[in-house]
Each structure stands twice: as structure tokens, then as C-alpha cells.
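Below is one structure, written out as C-alpha cells; the observations come after it.
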Protein chains: 2
Amino acid sequence: MGRWEPDAAGRLREAAMALYAERGYDGTTVAEIADRAGVTARTFFRHFADKREVLFAGSEQLERHMVEALAAAPPDASPMEAVTAAVLATAEFFDDIRRDYSRRRAAVITSTPELRERELIKMATLTTALTDGLLARGVAPDVAALAAETGVAVFRVSFERWIAAPDDVPIGDVLQATLKNLAALTA
Amino acid sequence: MGRWEPDAAGRLREAAMALYAERGYDGTTVAEIADRAGVTARTFFRHFADKREVLFAGSEQLERHMVEALAAAPPDASPMEAVTAAVLATAEFFDDIRRDYSRRRAAVITSTPELRERELIKMATLTTALTDGLLARGVAPDVAALAAETGVAVFRVSFERWIAAPDDVPIGDVLQATLKNLAALTA
DNA sequence: TCGGTGATGTCAGTCAATGACATCACTCGA
DNA sequence: TCGAGTGATGTCATTGACTGACATCACCGA
């Protein structure tokens, strides 16, 4: 136990999500989020770069996880096989507990242009990271970019479908199905 | 001739571009842009929704132009042929005069995360518009989305290359070359 | 016990963005 | 010709995001 309640960042995330869902992104001030989390607005900005970033806290973790899975793929795996491994590795992030959070989060994001912008750049950053990972595996630049783009597209589509799917469908199944669809398309 | 100098929006665009290039986006205030354009900050926000939008003023026009070209394609044209027509239609927008502006604009955008976000959402909006245009032509949803995505990708890649190319290369040539590359890839 | 550390609070300030209201050249119809 | 719009702009006040500088104070390690 420290001097303050621990996990201020976590409380801020919870508070922000709750308030965004309740009053909308524009209808919520940083001061209100901080209040609910029991800190000041100044502390909010010490944990998150801006008012949007609080909804994208997990993205660096997810990216790191995918890049690691990409690097861990067998050396003789094809670019697309490596990307597939990275995409499937995301299943470990989104369990049943996260699904409810993900749904509320997605609802807020899709209804707020500012947040959609942020999400787009996160996806772009992820694509760049995967591209770099493929380049490190010796993949040709053109192929790397294309494979990374495809991988992120598969993740995006699957994530959306997972959110819309019944509660008993795990995200792994959706990812598998999307990958199968892709294979059928390109065959 | 009106009561004020005409084309305030145009002057604001010029002023913004010059100041962003000179001092950077963050180092420029809306008040400074307005000053240079001979108006007040309030007037800036009457012409542009926010500080970023002033660099994306032409995007609605470009989108409309592409959508019209898409609609004007022969009814029996394939989805990809229609998209190709839309992509090639952009050549009418970017002449030699626009190239210099485009270069400076691209330099500012790539060096400013906030502006990159805005550019990404513009591209996403364009993709949606082309998708809708294809749907109106009776194209199946999956195919429409994919074709639109591909078309925007071709435009993006071509635009980047055109900016980096020597001054005597017209954008039309670059678009043609990119489309040829795509055909070779998918063959 | 004491100085360093780190997370937080406090305060003042800048600047983007918006609403309400005033201004005033220009236009058009009575 | 006059007077009531009209539309683009200016002025003013306000909110709220974000930042820098400095203070605080429990904890930890020597």
C-alpha cells in the first residue's frame, strides 16, 4: 500500500468509460473523470496524453504482443503464416470479461469522430509495427506491407464481428473464420 | 465586390499553410493565421470546423469528383473498372500548380500526428463514399468494400510517389503505373 | 534519522472552440 | 428613394483541454 490508493490509471480508465457511455464523450469533462477517480485533472494528464488516449491504453500492449508472436513464428513460416500467428495471438487479450468493456468502448468510439480518428491512427501504427516485424524476418518490403495490412484488416473485421456475436462465441473462433474466408477469397 | 476583401477562406488556407510550414502546426495559433489573412479568429472558425480542417478543404470536392466518375462509368463496367475510372479522375485535380502546395502540405501533415489522424479519417470517408457508389451500381457488399479499399490505396500510393517524383511527371502517369503494378501483383 | 524519490496537488496561464449579440455595406421591393 | 432584410464579419465572454512550475509528503534505503 502506497501513500495513495493504488492504480490511479485503472480508476481513470473505468471512470472515463463509464462517463463517456453515460453522457457521451463531448458531454464529459476531464475534471469529472478525475473527480470520479478520486484524483485531480492534472493527474489525469500525467497518466494519459489527452482525453482520447484513456480509451486506447491497451493498444501498446496488444501491439507488443502481436509483434512478439510474429517474431516467434518459425523462421521458415511464410509472411502470411507469421501474420496469421500474430493475429491469432490477439485471442489471449479478449476474454469474456473484456467483451463487455469492448462493446461499450466500441459504441462510444463509433459515435465520436474524434475517437474514430484516434482508432484509425492506432491501426495504422499497428500496421507499421507488423510491417517492421516482417522486414526483420527478411520479407521483401512490398510483401511485408501488404501482409501487414491484410493482417490488421482481418483483426479489425474479426473484432467487430466478435463484439456483435453472441456471448458464447470466443474471439479465437471469429479470427479463425475470418482467416478462412480470406483464404477462400484469394484462392 | 463585397464589403470585405473577397475569398477569406482562400486567404486563411494560404496563411495557414505558410505558417504551418514556417513554425510548425503546434507553433502556430489560429489567431496568427487569422491575423495574416486579415480577419479575426472567430471568422476562421466560421470557415473551418477546426485548426486542422483548413488543410483538408479540397477533400470534399475530390471525393465528389471521384464518386461522379464512378457513377459515370459504363453500366457494364466491372467494379474494378469503375473504381479505376474514379482513381484516374483525380488527375484533373492535381496539376503542376498544385504539386508545390501538395508537397508542402504533405511535409506538414507527416510531421504532425494530429494532422495524420485527420488525413486517415478523410481516406476512410473516401473509402466509404466509393463503397456506397459501388453499392449503388449493384455491386455486392463484400466486393464493393474491397474494391473501394483497393482504389483508395492506389490513390494514396500514387499521390505519395507523385510528390516525390520529378516535376515533369504528371500524376496521371503515376496513377497508371500504380494500377499496372496492381494488375501484375494480382495476376 | 535523514536525504532522495515519486506520485500527487495547487496554481497560473495559453489556446482552441463556441454562443450571443452588434455592425454595416449591400440588395431588393414598396 | 427609403427602409427592411441579409450575410459576412467583429466583439465579448466563457468553457474546457492541456502545460509548466513549484509544493507536498509518505515511503525507502543508506
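Chain naming here is simple, since letters A, B, ... match the order of the sequence lines and numbering starts at 1 in each.
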Are [X] and [Y] close enough for a salt bridge, meaning some N to O gap below 4.0 Å?
{"X": "R103(B)", "Y": "D167(B)", "value": "yes"}
{"X": "E53(A)", "Y": "K122(A)", "value": "yes"}
{"X": "E114(B)", "Y": "R52(B)", "value": "yes"}
{"X": "R36(A)", "Y": "E22(A)", "value": "yes"}

> Would you say a side-chain N or O of T40(A) is under 4.0 Å from OP1 or OP2 of dG9(C)?
Replying inline: yes
> Looking only at side-chain N and O atoms, does H47(B) come under 4.0 Å of OP1 or OP2 in dA8(D)?
Replying inline: no
Once you round it to whole Å, what is the distance between [atom2] of [N] and [atom1] of [X]?
{"X": "E5(B)", "N": "dC26(C)", "atom1": "CD", "atom2": "C1'", "answer": "16 Å"}
{"X": "E114(B)", "N": "dA17(D)", "atom1": "CD", "atom2": "P", "answer": "15 Å"}
{"X": "D7(B)", "N": "dG7(D)", "atom1": "CG", "atom2": "C1'", "answer": "16 Å"}
{"X": "K51(B)", "N": "dG16(D)", "atom1": "NZ", "atom2": "C1'", "answer": "16 Å"}
{"X": "F44(A)", "N": "dA7(C)", "atom1": "CZ", "atom2": "C1'", "answer": "17 Å"}
{"X": "D26(B)", "N": "dG20(D)", "atom1": "CG", "atom2": "P", "answer": "11 Å"}
{"X": "R118(B)", "N": "dA16(C)", "atom1": "CZ", "atom2": "P", "answer": "14 Å"}
{"X": "F48(A)", "N": "dT8(C)", "atom1": "CZ", "atom2": "C1'", "answer": "15 Å"}

Counting heavy atoms from C-beta on, name the nucleotide in [options] closest to the side chain of [X].
{"X": "F45(B)", "options": "dA16(C), dT11(D), dA17(D)", "answer": "dA16(C)"}
{"X": "R42(A)", "options": "dT8(C), dG20(D), dA17(D)", "answer": "dG20(D)"}
{"X": "W4(B)", "options": "dG10(D), dG7(D), dG6(C)", "answer": "dG7(D)"}
{"X": "T43(B)", "options": "dC18(D), dC15(C), dT9(D)", "answer": "dT9(D)"}
{"X": "D50(B)", "options": "dA17(C), dT11(D), dG9(C)", "answer": "dA17(C)"}

>> A cation-pi test, strictly: NZ or CZ of R105(A) under 6.0 Å from the centre of the six-membered ring of Y20(A) and no more than 45 degrees from its axis. Yes or no?
In response: no
>> With a 3.5 Å cut-off and heavy atoms only, can you find an N or O donor on one side and an acceptor on the other between the side chain of R46(B) and the base of dG7(D)?
In response: no
>> Please classify the nucleic acid contact of A8(A) as base, sugar-phosphate, or nothing, using heavy-atom distances under 4.0 Å.
In response: sugar-phosphate
